[in-house]
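Here's the structure, in structure tokens; my notes come after.
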Protein chains: 2
Amino acid sequence: MRQLDELDEKVLACLTRDARATYAQVGDVVGLSAPAVKRRVDRLLDDGVIKGFTAVIDPDAMQWTTEAYVQVFCRGNISPEVLKEAWEPIPEVVSAATITGQADALLRVRAGDVRHLERALERIRSAGPVDHSESIIVLSQLIDRGHP
Amino acid sequence: MRQLDELDEKVLACLTRDARATYAQVGDVVGLSAPAVKRRVDRLLDDGVIKGFTAVIDPDAMQWTTEAYVQVFCRGNISPEVLKEAWEPIPEVVSAATITGQADALLRVRAGDVRHLERALERIRSAGPVDHSESIIVLSQLIDRGHP
DNA sequence: TGTGAAACTGCAGGGGG
DNA sequence: CCCCCTGCAGTTTCACA
């Protein structure tokens, strides 16, 4: 993987702050011309440094107000790839990671209500070799940054 | 807060998938003209449904490869606002939420290495009325969506 | 729908390996 | 000596009233 220079960092900072900024605006900040910025962005995209651009949605507006962290305990030794394949198609799964400790994985799940959450949990359990799971309901979301 | 119709949902889905899509591209998918899409996006922006647009960066490229979930146990009864104020200034804190269960809050922390993580944990503990904390290290990040 | 501005491609110049 | 990166001008497309 290529190493990022200082200009790349600045470009990333600009696009993280506003992904819909024009190349000219970015170039104005970092001190480059618009085509030069586009070249770098394209290269960052090709190299996979930038995985994409997305809109930050207010969860309350989507009325996906019920959120939970789910500790998953699996049967046997499972590869991370299998779990990723199993849970990737489930839209309620916001994030998933294998972890240290007693549980095998920790999932963050967002749903419309408790009933919706229950159905999502059922899908999560049936999608992979899950033994059992423990859910922790989120009371209030304090901080939620994309990737600072 | 206004209720979103089906077209709004589609527009949000498009922009979530690619925040740099042109209005014409979005309109092509949802079956609207470009100006119509712009009007909806502007309204969604004004209503706070869309909080902004951001680039999704590969964490490995940023070399923030060490990640942990931290359960925080506090002294006494603490308001969510106090915790938010305490941890908001710490850049290593990606997300924070108050939760059900024995712990009071669950934080997601990203750092450059274990030493960096240790310093971040020290900041987290000293920033608020924290009794003690339990860290769960992430082995591999499987899924990480912004807000689907 | 029209005007202005933005994005995208080819070409020439310059600095570093 | 070669290659990569930058800046400039062409056309085409898009944004905004």
Side-chain angles (χ1 to χ4, degrees), chain A residues 1-63 91 144-148, chain B residues 1-65 112 144-148:
Chain A
M1 175 165 296
R2 276 192 60 270
Q3 184 60 9
L4 298 79
D5 61 12
E6 193 183 341
L7 276 68
D8 287 323
E9 301 278 0
K10 285 186 180 177
V11 170
L12 290 177
C14 284
L15 291 177
T16 301
R17 190 149 37 86
D18 178 16
R20 283 182 77 82
T22 66
Y23 294 125
Q25 286 173 332
V26 176
D28 215 38
V29 174
V30 306
L32 260 55
S33 71
V37 174
K38 178 184 160 37
R39 298 256 138 72
R40 283 180 179 267
V41 173
D42 286 342
R43 191 169 48 73
L44 291 169
L45 238 17
D46 283 340
D47 294 352
V49 176
I50 300 175
K51 303 186 104 171
F53 302 96
T54 185
V56 180
I57 308 297
D58 184 2
D60 293 341
M62 294 289 276
Q63 284 149 343
D144 199 2
R145 294 191 250 259
H147 297 283
Chain B
M1 178 163 296
R2 277 192 58 269
Q3 181 62 5
L4 296 75
D5 62 11
E6 191 183 343
L7 275 66
D8 287 323
E9 301 276 0
K10 284 186 179 180
V11 171
L12 289 177
C14 283
L15 292 178
T16 301
R17 190 149 39 85
D18 179 16
R20 283 183 77 83
T22 65
Y23 295 124
Q25 287 173 331
V26 176
D28 214 40
V29 174
V30 307
L32 259 56
S33 69
V37 173
K38 177 183 163 40
R39 276 195 294 271
R40 283 182 181 264
V41 173
D42 285 342
R43 192 170 45 75
L44 291 169
L45 238 16
D46 283 341
D47 293 353
V49 177
I50 299 176
K51 304 184 99 170
F53 302 96
T54 185
V56 180
I57 308 298
D58 184 0
D60 292 342
M62 295 292 274
Q63 285 151 345
W64 285 40
T65 175
D144 198 3
R145 294 192 252 258
H147 298 282

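Values reported hereafter were calculated over all heavy atoms of this structure, with side chains retained and with hydrogens, waters and symmetry mates removed. Residue numbers begin at 1 in each chain, while the letters A, B, ... track the order of the sequences.
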| request: Give a yes or no answer on whether the side chain of B:Asp5 reaches the backbone of B:Leu7 with a donor-acceptor pair at less than 3.5 Å. | output: yes
| request: Scan B:Pro35 against the nucleic acid and name what it touches under 4.0 Å (heavy atoms): base, sugar-phosphate only, or nothing. | output: nothing
| Interatomic distance where NZ belongs to A:Lys38 and C1' belongs to C:dT9 [whole Å] | 10 Å
| message | Rounding to an integer number of Å, can you tell me how far B:Asp28 CG sits from D:dA15 P? | response | 12 Å
| So what does A:Arg40 touch, heavy atoms closer than 4.0 Å: a base, only the sugar-phosphate, or nothing? | sugar-phosphate
| task | Measure the distance from CD on B:Gln25 to P on D:dC14 and round it to the nearest whole Å. | result | 7 Å
| request: In whole angstrom, give the distance that lies between atom CZ of A:Phe53 and atom P of C:dA7. | output: 12 Å
| message | What is the separation between atom OH on A:Tyr23 and atom P on C:dA7, rounded to the nearest whole Å? | response | 7 Å
| task | Decide yes or no for A:Arg40 and A:Val30: does some side-chain heavy atom of the first lie under 4.5 Å from some side-chain heavy atom of the second? | result | no
| task | Whole angstrom is fine here: how far is it from CZ in A:Arg43 over to C1' in D:dC5? | result | 10 Å
| DNA chain D: 5'-proximal contact among A:Arg39 and A:Arg20 (nearest heavy atom) | A:Arg39
| query | Of the non-hydrogen atoms in A:Ala34 and A:Tyr23, which two are nearest, and what is the gap between them? | reply | O-CB, 3.7 Å
| query | Would you say the side chain of B:Ile57 lies within less than 4.5 Å of the side chain of B:Trp64, judging by non-hydrogen atoms? | reply | no
| Position toward the 5' end of DNA chain D (nearest nucleotide), B:Asp42 or A:Gly31 | A:Gly31
